[in-house]
Amino acid sequence: IFTKKINDPDFFDEMEETLIMADVGVETTLEIIEHFKAYIKDKNIKDGEGLKNLFKQSLQDMIPQVTFDYKENQLNVLFIVGVNGVGKTTTIGKLSHTLKNEGKKVMLAACDTFRAAAIDQLSVWADRAEVPIIKQQMGSDPGAVLHDAIDSAISKQIDILIVDTAGRFHNKANLMAEIEKLNRILNKKIESAHKETLLVLDACTGQNAYVQAESFHQSVQLDGIILTKLDSTAKGGIVIHIAHQLKLPVKFVGIGERITDLLPFNRDEYIDSIL
Amino acid sequence: KITSRFEGIFKTLSRQNRLSEKNIQDGVREIKLALLEADVNYKVVKDFIKLVEEEALGEKVLKSISPTDQFIKVVHDKLVDIMGSHSDEIQLKKRGEISVILFVGLQGSGKTTTCAKLGNLLKVNQKVLLVSADTYRPAAKDQLKILAGQTGLGFFTEDHNDPIKICKNALKYAKDYEYHAIILDTAGRLQVDEPLMVELEKIKKITEPDEILFVSDAMAGQNVVDVVKSFDHRLNINGIILTKFDSDTRGGAALSIKKTTGKSIKFIGTGEKIENFEKFYPERVAGRILG
Ligand SMILES: Nc1nc2c(ncn2[C@@H]2O[C@H](COP(=O)(O)OP(=O)(O)OP(=O)(O)O)[C@@H](O)[C@H]2O)c(=O)[nH]1
Ligand SMILES: Nc1nc2c(ncn2[C@@H]2O[C@H](COP(=O)(O)OP(=O)(O)OP(=O)(O)O)[C@@H](O)[C@H]2O)c(=O)[nH]1
Ligand SMILES: [Mg+2]
Ligand SMILES: [Mg+2]
């Protein structure tokens, strides 16, 4: 778009199309364009590189650059939640590998006791990442597995306990109640632990991703987002609206199905990918 | 949401018993915003509102005694035109021959679960075999095996990493054990993953499916059109299944897919249980997208 001049009538149409096609969403797109128009007037730039940089800057203002805040000498818990099929279990496999390579002692809790072969699937990842996993039979109470995992993590002096949960939609009250219960167990049982609750979002999801973030945030106070499947042709632009409105940063991105396909979120690279 | 948007603009509109061109244009703009918020594809929305605007600016609406109702009718009718007005069936072989159904789609869209759901519908009058040709995802074969067991369906796979060989041997197994229908589960893959798309083309060649069904998440965003077009171009799919319709997503993907590929949505997934599976009725989706 930035090869055009601002007074080219197609310029803002093309900008609108680029942002909407990136799933940025209508409201946020209009807001970005208005914000950008004000910026341009202010800086009196008419085309090319200056325009591109100004635009990048207006997007940067909306997206924070934040990383996973690991605390030394205490138990850290990563509580992984999200709707069905977005990549929670696979992401936990990747996180285990990354964190173990940083020299941390990692343990997994298989709290998806509902879906067929969910525990088997996480167990394969535990083997691949070479980390211990606490699990029970399919159909057992996820709260019981969590209690078990916390006890084990404390006694084995684990640095990071990563909790896998079953996929669930935010409009199902009983399922959200279950995740709230798991959250309460974590809060009560290990008040001294550093806990981060991360919502996994699929980059291919449309505007519903915002509703997911908003609802899960209301239920269990999210600390951030993991955006998966960025190796697809989708851009996951909804995270801009999520960052801007809910103040939730993207902490990691998934870029494939291998154990190494996880990166810390890089805001500037992400903005480049949208443009 | 469009109903609340509509109520907003049409309250002002309906106070007037004649709509001006400006009223129509404002109404059309509201429709554009509502459809985009519902995840309808940008290009589909642009074409759609052009059609609506042309018709709405025509005699029928401007000169109608209740122009607002007429305007809403134009929008609704245009949506139904696109979605089609009847349900499309899957086409299976006659008795005596084995029907083959191939499930394809992106990662995590719900293929494995839906294989069991469709098998459950078909088992009423045929012996169904579920086949796992997913040699990539950890515990994928176990997942389908468990679902087959829970649903009372046959299950076949082999303990190696060649999906094409599994499919070939599944055909033979189905014949030997007198199955009437085979449902082939494949690994999720991106339309831009060339080796994996070639693998699907090979599976299609070997198994000659009666139905190739593309499984998509109902909450898919703007790029679903590129994805489905690609899969369709390479495999000539017979139909679409939209899953996770029990979420509160508006499901604009349904409109985008139908408009750009012409392929029918045949079923929807409405939950995680085997029985959460229904035939797709186009008229219902128009209402949902309009919110
Ligand atoms: N291409 C790609 N695929 C991914 C990525 N992350 C996960 N997947 C795939 O997405 C599919 C679903 O991943 P899971 O880890 O089972 O997702 P989940 O959220 O745990 O699913 P449920 O537990 O059933 O809700 C698998 O096929 C993964 O390999 C990614 O970053 N890129
Ligand atoms: N709520 C809901 N969940 C669904 C529906 N269909 C599938 N799921 C869930 O979505 C998740 C992914 O389903 P899978 O069947 O594993 O998806 P898949 O396409 O086989 O995934 P890959 O093989 O990794 O590509 C699971 O948690 C399913 O239980 C549906 O209609 N509604
Ligand atoms: Mg999982
Ligand atoms: Mg599968």
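Chain identifiers are assigned alphabetically (A, B, ...) following the order of the sequence lines, protein sequences preceding nucleic acid strands; residue numbering begins at 1 within each chain. Side chains included, hydrogens not; waters and symmetry mates left out as well; all remaining heavy atoms used.
A salt bridge links Glu17(A) to Lys43(B): at least one charged side-chain nitrogen sits closer than 4.0 Å to a carboxylate oxygen. Of the charged side-chain nitrogens involved, none lies within less than 4.0 Å of a carboxylate oxygen, so that Lys46(B) and Glu16(A) do not count as a salt-bridged pair.
Other residues, nucleotides and ligands contribute at most 12 non-hydrogen atoms within 6.0 Å of the CG atom of Asp159(B). Around NZ of Lys123(B), the count of heavy atoms belonging to other residues, nucleotides or ligands within 6.0 Å exceeds 12.
Atom-to-atom distance recorded for Met21(A):CE and Asn41(B):CG is 5.0 Å, nearest 0.5 angstrom. For the atom pair NZ of Lys244(B) and CG of Asn208(A), the computed distance is 11.0 Å after rounding to the nearest 0.5 Å. For the atom pair CG (Asn223(B)) and NZ (Lys235(A)), the distance works out to 8.5 Å, reported to the nearest 0.5 Å. A distance of 6.5 Å separates NZ of Lys229(A) from CD of Gln107(B), quoted to the nearest 0.5 Å.
Contact of Lys141(B) with chain A is not made at all, since no heavy-atom distance falls under 4.5 Å.
At distances below 3.5 Å, not a single donor-acceptor pair connects side-chain atoms of Asp202(A) with backbone N or O atoms of Ala220(B).
The greatest number of non-hydrogen atom pairs below 4.5 Å with chain A, out of Ala139(B), Ala218(B), Pro138(B), is found for Pro138(B). Most heavy-atom pairs under 4.5 Å with chain A: of the set Ala253(B), Gly108(B), Ser247(B), this distinction falls to Ser247(B). Heavy-atom pairs under 4.5 Å with chain A peak, among Val224(B), Thr243(B), Ile146(B), Asp142(B), at Ile146(B). Of the listed residues (Val124(A), Asp120(A), Val86(A), Asn171(A)), the one with the most heavy-atom contacts under 4.5 Å to chain B is Asn171(A).
Counting only heavy atoms from C-beta outward, the side chains of Ser232(A) and Leu106(B) never approach each other to under 4.5 Å.
Shown here for Leu36(B) and Gln207(A), the closest heavy-atom pair between the two residues is O-CG, 4.2 Å. Shortest non-hydrogen contact noted between Asp246(B) and Phe169(A) is OD2-CD1, 4.5 Å. Considering every non-hydrogen atom in both Val192(B) and Thr233(A), the closest pair reads CG1-CG2, 3.8 Å. Heavy-atom minimum distance, Arg29(B) versus Leu30(A): NH2-CD1, 4.1 Å. Nearest approach of Gln222(B) to Asp23(A), heavy atoms of both residues: N-OD1, 3.0 Å.
Within residues 111-118 of chain A, the residues having any heavy atom closer than 4.5 Å to a heavy atom of chain B are Phe114(A), Arg115(A), Ala116(A), Ala117(A), listed by residue number.
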